[in-house]
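Working notes, beginning with the structure itself.
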Amino acid sequence: MIVGIIPARYASTRFPGKPLIEIEGKSMIQHVYERAKRSAALQEVVVATDDSRIYDHVKAFGGEVLMTGVDHPSGTDRCYEALQQLREPYKYVINIQGDEPFIDPKQIDELAAVLQDGTTELATQMIPVTGHDVLFDMGEVKIVLNDKLEALYFSRMVIPYIKGVDQAVWHNHHTYYRHVGMYAYRADVLEQITKLPVSTLEKAESLEQLRWVEAGFKIKCAVTQFDSHCIDTPEDVEKVLRLMGRV
């Protein structure tokens with residue numbers, strides 16, 4: 001049993017109220033919700049918010065929504081509170097980003113497929129890096145893996161360093177992956193990771209998932225064909241529409 005939870009916060013620093021912005025005749029949160037509902041892998045989809053405006057809007061378009069606290073430091077914490085309010089005893093939670101209005105339901109299904117054996121603690125997705133510019137973009141998070149496709153480390157830097165090779169062609173000498181940030185949590189593990197203190201690696205890289213790695217949890221990483229197209233600022237709306245071929 002897998003539930004999809006969409007954390008939706010009103011008070012975004014860079015784009016307040018962005019879940020409610022209109023894109024092609026619907027709010028962003030409605031786009032995300034309706035696409036998540038088309039996933040074949042999810043038994044339920046629910047929005048988890050801290051704001052009555054988002055709550056009322058989701059109710060108005062017929063979506064399922066839960067009110068959560070206002071002081072959650074991350075979407076992970078909001079997902080856990082929402083999970084506690086649900087009636088069904090779900091085995092896994094998939095945290096669906098509320099700022100990706102054109103997410104493909106098949107991407108959710110790809111991540112859910114990693115969970116089928118029931119032993120996976122945490123899971124996320126990645127895309128192979130095929131060029132120098134993306135590899136050395138410090139805004140792109142790279143993943144170092146073991147032979148079971150479990151994350152050894154996430155970094156904004158390029159790891160591993162390839163000795164004796166021009167950096168311009170490192171991507172031709174090693175298979176690098178960049179992170180695509182949708183997460184799946186086993187329910188018992190979700191409870192545990194929300195109780196962890198902020199870790200030293202997390203503070204250094206500003207990456208929440210390093211807290212889990214540093215604590216010894218295993219994050220399974222699955223290759224996806226789908227990229228993330230997030231809307232973080234008002235300017236991103238037109239950019240994402242262009243990337244998706246909508247304008």
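A quick note: this is a predicted structure, and the numbers were derived from the prediction, not measured.
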### Task
Output yes when a side-chain donor or acceptor of H179 lies under 3.5 Å from a complementary backbone atom of E140, and no otherwise.
no
## Note on the structure
Scanning both residues in full, the closest heavy-atom pair of H173 with V169 reads CD2-O, 3.1 Å
### Task
Give the C-alpha distance, both sets of side-chain angles, the deciding distance and a yes or no for salt bridge (Lys or Arg N to Asp or Glu O under 4.0 Å) between K106 and D104.
CA-CA 5 Å; K106 293 177 183 176; D104 194 305; 5.6 Å; no
### Message
Against H57, only a single residue in S27, S52, P19 fulfils side chain to side chain contact (heavy atoms under 4.5 Å, CB included); can you say which?
### Response
S27
### Query
Salt bridge or not for R38 and D109, using N-O below 4.0 Å?
no
### Task
Compute whether any side-chain donor of one residue and acceptor of the other, for E100 and H229, lie under 3.5 angstrom apart.
no
### Task
May I ask you to check whether T68 and D50 show a side-chain donor-acceptor distance below 3.5 Å?
no
### Message
Could you check whether Y183 and Q125, counting side-chain N and O atoms only, form a donor-acceptor pair closer than 3.5 Å?
### Response
no
### Message
Do Q97 and S228 pair up side chain to side chain, a donor and an acceptor below 3.5 Å, judged on atom types alone?
### Response
no
### Query
Can a cation-pi geometry be assigned to R53 and Y10, taking NZ or CZ under 6.0 Å from the six-membered ring centre and within 45° of the ring axis?
yes
### Task
Using a strict 4.0 Å threshold on nitrogen-to-oxygen distance, state whether K18 and D99 make a salt bridge.
yes
### Query
Would a distance-only check, ignoring hydrogens and angles, find a side-chain to backbone donor-acceptor pair under 3.5 Å from T194 to E191?
yes
### Task
Indicate whether any N or O donor in one side chain lies under 3.5 Å from an N or O acceptor in the other, for E208 and S74.
yes
### Query
Can you tell me if Q167 and Y161 form a side-chain donor-acceptor pair at under 3.5 Å?
no
### Message
I need the single residue from V189, L86, L83 that forms a side chain to side chain contact (heavy atoms under 4.5 Å, CB included) with V93. Which is it?
### Response
L83
### Query
Would you find a donor on one side and an acceptor on the other, under 3.5 Å apart, between the side chain of E81 and the backbone of D77?
no
### Task
Would you sort out whether K26 and E34 count as a salt bridge (Lys or Arg N to Asp or Glu O under 4.0 Å), showing the intermediate values?
CA-CA 10 Å; K26 295 180 182 178; E34 290 178 351; 2.6 Å; yes
### Query
With side chains defined as the heavy atoms from C-beta onward, is the minimum distance between W212 and Q192 less than 4.5 Å?
no
### Query
Backbone N or O of L145 within a donor-acceptor pair of the Y177 side chain at under 3.5 Å?
no
### Query
Would you say the side-chain atoms of T124 and Q209 include a donor-acceptor pair closer than 3.5 Å?
no
### Over 12 non-hydrogen atoms of neighbours within 6.0 angstrom of CE in M157
no
### Task
Taking K220 for its side chain and E150 for its backbone only, find out whether a donor-acceptor pair lies under 3.5 Å.
no
### Task
Consider only side-chain N and O atoms of D51 and T49, and report whether a donor and an acceptor are under 3.5 Å apart.
no
### Query
Checking ring pair (Phe, Tyr, Trp, His ring centres under 6.0 Å) for the pair Y185/Y80: CA distance, chi angles, key distance, verdict?
CA-CA 10 Å; Y185 324 92; Y80 180 57; 9.8 Å; no
